[in-house]
Amino acid sequence: MKKSEAYNAAIEFAKQHYENFPVVSFLIKKKLRKDVAIIYWFARTADDFADEGNLTSEYRLELLDNFRNRLSGLISGNFENDFEEALYLTINNHNLDPDLFFDLLSAFRQDVIKTEYDDFDELLDYCRRSANPVGRLILQLYDIREDDVYELSDKICTALQLTNFWQDIETDFNKGRIYLPQNELKQFNVNRNIFEISENSLNFKSLLEHQVHRTRSFFNEGRSLLNHLSGRLKYEIRWTVLGGEEILNKIVMNDFSIFGNRPKLNKKDFLKLLIKSTLNV
């Protein structure tokens with residue numbers, strides 16, 4: 001496979017995976033779509049190592065550690081395949097910060113060894129490494145590197161990650177993880193057995209309402225990021241934010257009954273939000 005074919009394969013890879021936001025949409029500059037796609041390939045591949053299939057924890061860690069070694073190798077110009085060479089070219093052509101890729105890997109590795117979070121600060125530290133690097137990498141592709149803009153992007157990316165947590169509470173529990181902070185489970189008198197029996201209790205709904213409200217505040221705090229963007233990137237990020245907020249809206253409309261009712265965006269939602277993103281920026 002040639003490098004160009006690797007980039008094309010990465011684009012197809014991105015198109016075949018569901019996310020709450022468009023990964024490689026027409027709003028991304030055509031010349032950058034391959035770069036966004038190869039970054040997504042890297043992140044999604046590592047995430048799948050940590051999350052998919054019926055692998056042992058030991059084997060997942062082995063896969064991730066090997067992937068980390070391969071990242072170190074490709075940054076130095078040593079490739080094992082064309083995907084890695086394509087990622088090397090993207091990193092070097094756009095002067096991307098390699099530490100952001102290592103941060104992503106540290107978060108995925110943590111998913112294997114850490115199944116609960118004591119408090120919200122621990123959760124934010126996870127978001128700092130699991131989500132925020134992606135936003136910063138996109139900004140770097142567009143040669144936007146100001147610290148204040150990074151901080152606004154971090155707010156948005158953290159909000160998107162938190163939204164995904166609340167969307168996937170039941171799915172994550174079935175994988176052995178609870179992202180709801182343990183001290184807040186106690187604060188809202190939520191017994192852990194509700195996860196076992198999938199009970200949308202009043203206390204649990206109150207806890208989830210608290211999470212949704214706090215997540216909205218992160219979206220609101222980061223919204224001025226749009227003021228630092230222009231062109232189609234501005235619409236792309238607006239579309240992404242609206243996608244996350246729509247998931248929160250669906251949780252609210254379902255009366256915070258998340259068990260047995262996972263909210264998800266459909267094609268009609270994406271189109272509606274696309275139109276809204278172009279009208280309200």
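What you see is a predicted model, and the numbers here were worked out from it, not measured in a lab. Positions are given from 1 along the sequence.
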inquiry  = If we count only N and O atoms by modelled type, under 3.5 Å, do the side chains of R216 and N249 hold a donor and an acceptor together?
reply    =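 Per modelled atom types, R216 and N249 side chains form a pair under 3.5 Å.
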Single-linkage hydrophobic cluster, 4.5 Å side-chain cutoff, I178 and I113 together:
yes
Margin query: Let me check something: do L180 and L202 share a hydrophobic cluster, defined by ILVMFWY side-chain heavy atoms less than 4.5 Å apart, either directly or through other members?
Written below: no
Given side-chain contact (heavy atoms from CB on, under 4.5 Å), test L139 with L229 step by step and report yes or no.
CA-CA 9 Å; L139 291 177; L229 308 178; 4.0 Å; yes
Taking every non-hydrogen atom, the tightest pair across [X] and [Y]:
X	Y	result
H94	R145	O-NH2, 2.7 Å
W239	F270	NE1-O, 3.1 Å
L207	E184	CD1-O, 3.8 Å
L64	A46	CD2-O, 3.4 Å
L87	I38	N-CG1, 3.8 Å
I258	N200	N-OD1, 3.1 Å

**Asked** Do the rings of H210 and F188 sit parallel, tilted or perpendicular, given the 30° and 60° boundaries?
**Response** tilted
[Y] and [X], any side-chain heavy atoms less than 4.5 Å apart:
X	Y	result
L160	V134	no
L123	F165	yes
L55	L63	yes
R214	F120	yes
L265	K250	yes
D125	Y117	no
L242	R238	yes
N174	T171	no

Rounded distance [0.5 Å steps], [atom1] in [X] versus [atom2] in [Y]:
X	Y	atom1	atom2	value
L226	E236	CG	CD	11.5 Å
R70	E80	CZ	CD	5.0 Å
Q167	I251	CD	CD1	7.0 Å
T90	Q140	OG1	CD	12.5 Å
L137	L100	CG	CG	4.5 Å
D111	S130	CG	OG	7.5 Å

Apply side-chain contact (heavy atoms from CB on, under 4.5 Å) to residues D168 and R262 and explain how you reach the verdict. CA-CA 7 Å; D168 283 341; R262 180 182 184 270; 2.5 Å; yes
Would you call [X] and [Y] a salt bridge, using N to O less than 4.0 angstrom?
X	Y	answer
K205	E199	no
E245	R223	yes
R136	D154	yes

Who pairs with H213 by ring pair (Phe, Tyr, Trp, His ring centres under 6.0 Å), at least two apart in sequence or on another chain?
->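 H213: no ring pair (Phe, Tyr, Trp, His ring centres under 6.0 Å) contacts found.
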Note to self: Can you confirm if the aromatic rings of F67 and F108 lie within a centre distance of less than 6.0 Å?
What the structure shows: no
Next item on the list: Test L96 against I39 for side-chain contact (heavy atoms from CB on, under 4.5 Å), laying out the working first.
Entry: CA-CA 11 Å; L96 303 183; I39 291 171; 4.0 Å; yes
Which of F256, F259, W166 passes ring pair (Phe, Tyr, Trp, His ring centres under 6.0 Å) with F204? Answer is F259
- request: Going by the ring pair (Phe, Tyr, Trp, His ring centres under 6.0 Å) test, name the single residue among F49, Y88, F101 that passes it with F42.
  value: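 So the option named by the test is F101.
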Exercise. With E196, which residues qualify under side-chain contact (heavy atoms from CB on, under 4.5 Å), at least two apart?
Worked result: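 For E196 the side-chain contact (heavy atoms from CB on, under 4.5 Å) partners, ignoring immediate neighbours, are F173.
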- Stepwise salt bridge (charged side-chain N to carboxylate O under 4.0 Å, His left out) test for R177 and D51: CA-CA 11 Å; R177 301 191 196 110; D51 222 28; 2.6 Å; yes
Treating [X] as the side-chain partner and [Y] as the backbone partner, does any N or O pair qualify as donor plus acceptor under 3.5 Å?
X	Y	result
D65	E62	no
K267	D269	no
D119	D121	yes

Handout entry: Qualifying residue for side chain to side chain donor-acceptor pair (under 3.5 Å) with S106, from R129, R68, R128
Key =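 Among R129, R68, R128, the one that satisfies the side chain to side chain donor-acceptor pair (under 3.5 Å) with S106 is R129.
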Kindly indicate, with the supporting measurements, whether the criterion side-chain contact (heavy atoms from CB on, under 4.5 Å) is fulfilled by Y59 and V112.
CA-CA 10 Å; Y59 188 51; V112 180; over 6 Å; no
